[in-house]
Amino acid sequence: MKKYMIVICVALIMILIGFGIKHHVDKNDIDFSNAERISLVYSGNINVEITDKDDIKTLKEIISGVSYRENPSCGFGYDYAVIFEYENNKTYMCIAYDGCSHARINNTNRYVRIKSRDTLNGILQKYGIPEIGPI
């Protein structure tokens, strides 16, 4: 009986360690502090570069963070996005259509949490992009 308890304890510990490693490895820091250009896209009709230094700083802060894999029920697309450019790289942060605080990174299953959707909506509206959500 003692032997079985030890085996069960070791198995549980290994499962927990495995889950912890997978959970830790599955996250990446997303940082746009080096972005040289930030623009907003809406429905193919609006494509505007952000020029206000305060808006640039705010967008970098509220969309940067730890990315994670998930399958949220929110809809996402390239036609409602904040684009961060650095050198020859473009990263589309596709904003959720339904108003939830998620942004999808390009066309992947990686997401970041938007720290303040209200602040983001205010910046979008300032540049002529309507607030979307909740549906």
Side-chain angles (χ1 to χ4, degrees):
M1 184 70 163
K2 195 173 183 181
K3 217 181 212 182
Y4 292 113
M5 292 298 285
I6 291 172
V7 170
I8 290 172
C9 286
V10 168
L12 284 174
I13 290 170
M14 294 195 61
I15 289 170
L16 291 173
I17 289 172
F19 178 76
I21 289 171
K22 181 194 178 299
H23 188 68
H24 178 72
V25 170
D26 205 29
K27 294 185 176 186
N28 295 318
D29 287 330
I30 300 297
D31 178 24
F32 295 111
S33 60
N34 291 332
E36 298 165 342
R37 182 172 187 257
I38 300 176
S39 54
L40 303 172
V41 174
Y42 175 69
S43 230
N45 300 326
I46 300 173
N47 187 342
V48 61
E49 183 174 353
I50 305 300
T51 55
D52 182 276
K53 291 185 187 316
D54 290 334
D55 292 340
I56 290 169
K57 180 181 180 219
T58 301
L59 285 170
K60 288 179 179 182
E61 289 173 355
I62 66 173
I63 298 180
S64 295
V66 175
S67 73
Y68 51 92
R69 289 185 193 275
E70 192 173 304
N71 293 312
S73 60
C74 320
F76 299 92
Y78 284 106
D79 58 345
Y80 191 51
V82 178
I83 305 168
F84 292 91
E85 295 182 49
Y86 178 70
E87 294 176 353
N88 293 327
N89 300 314
K90 280 187 181 181
T91 302
Y92 285 76
M93 299 304 293
C94 305
I95 304 163
Y97 293 130
D98 67 356
C100 73
S101 294
H102 297 282
R104 185 184 71 204
I105 303 169
N106 295 321
N107 191 19
T108 67
N109 65 342
R110 298 200 70 82
Y111 300 85
V112 294
R113 295 208 189 284
I114 299 169
K115 293 178 182 81
S116 173
R117 182 65 190 245
D118 290 337
T119 302
L120 175 62
N121 286 339
I123 292 172
L124 294 173
Q125 289 173 1
K126 179 178 174 180
Y127 290 90
I129 297 176
E131 177 179 348
I132 294 183
I135 293 174

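Numbering of residues begins at 1 and proceeds along the displayed sequence. No hydrogens, no waters, no symmetry mates; every other heavy atom, side chains included, goes into these values. As the structure is a prediction and not an experimental result, all values here were calculated from the model.
The aromatic rings of Tyr78 and Tyr92 sit perpendicular to each other, their planes meeting at more than 60°, with 30° as the lower class boundary.
Heavy-atom minimum distance, Lys115 versus Glu61: NZ-O, 3.0 Å. Closest approach of Gly77 to Cys94, counting heavy atoms only: O-CB, 3.4 Å. Pairing each heavy atom of Ser67 with each of Ile105, the nearest pair is CB-CD1, 3.7 Å. Contact between Tyr86 and Asn34 at its shortest, heavy atoms only, is CD1-O, 2.8 Å. Considering all non-hydrogen atoms of both residues, Leu120 and Ile95 come closest at CD2-CD1, 3.9 Å. Contact between Cys74 and His102 at its shortest, heavy atoms only, is SG-CD2, 3.8 Å.
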In a table with atom names and distances, give each donor-acceptor pair under 3.5 Å that connects a side chain of residues 43-52 to protein atoms at least two apart or in another chain.
unit_1	atom_1	unit_2	atom_2	d
Glu49	OE1	Arg37	NE	3.2
Asp52	OD1	Asp54	N	2.9
Asp52	OD1	Asp55	N	2.9

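In this structure, OH on Tyr68 lies 10.0 Å from CZ on Arg110, to the nearest 0.5 angstrom. Here OG of Ser116 is found 8.5 Å from CG of Asn121. Values are rounded to the nearest 0.5 Å. Between the CZ atom of Phe76 and the OG1 atom of Thr108 there is a distance of 10.0 Å, given to the nearest 0.5 Å. Once rounded to the nearest 0.5 Å, the distance linking CD of Glu36 with CG of Asn88 reads 9.0 Å. One finds the OG atom of Ser64 at 6.0 Å from the CZ atom of Phe84 (value rounded to the nearest 0.5 Å). For the atom pair CD (Glu85) and CD1 (Ile38), the distance works out to 10.0 Å, reported to the nearest 0.5 Å.
By the rule that hydrophobic residues join a cluster once side-chain heavy atoms approach within less than 4.5 Å of another member, Tyr97 and Ile83 end up as members of separate clusters. Under a hydrophobic clustering in which Ile, Leu, Val, Met, Phe, Trp and Tyr are joined whenever their side-chain heavy atoms come within less than 4.5 Å, directly or via other members, Val112 and Val41 fall into different clusters. By the rule that hydrophobic residues join a cluster once side-chain heavy atoms approach within less than 4.5 Å of another member, Ile129 and Ile63 end up as members of one cluster.
Counting heavy atoms from C-beta outward, Met93 and Arg104 have side chains that stay 4.5 Å or more apart.
Distance alone, capped at 3.5 Å, places no donor-acceptor pair between the Arg117 side chain and the Thr119 backbone. Formation of a donor-acceptor pair under 3.5 Å by the Arg113 side chain with backbone atoms of Ser101 is not found in this model.
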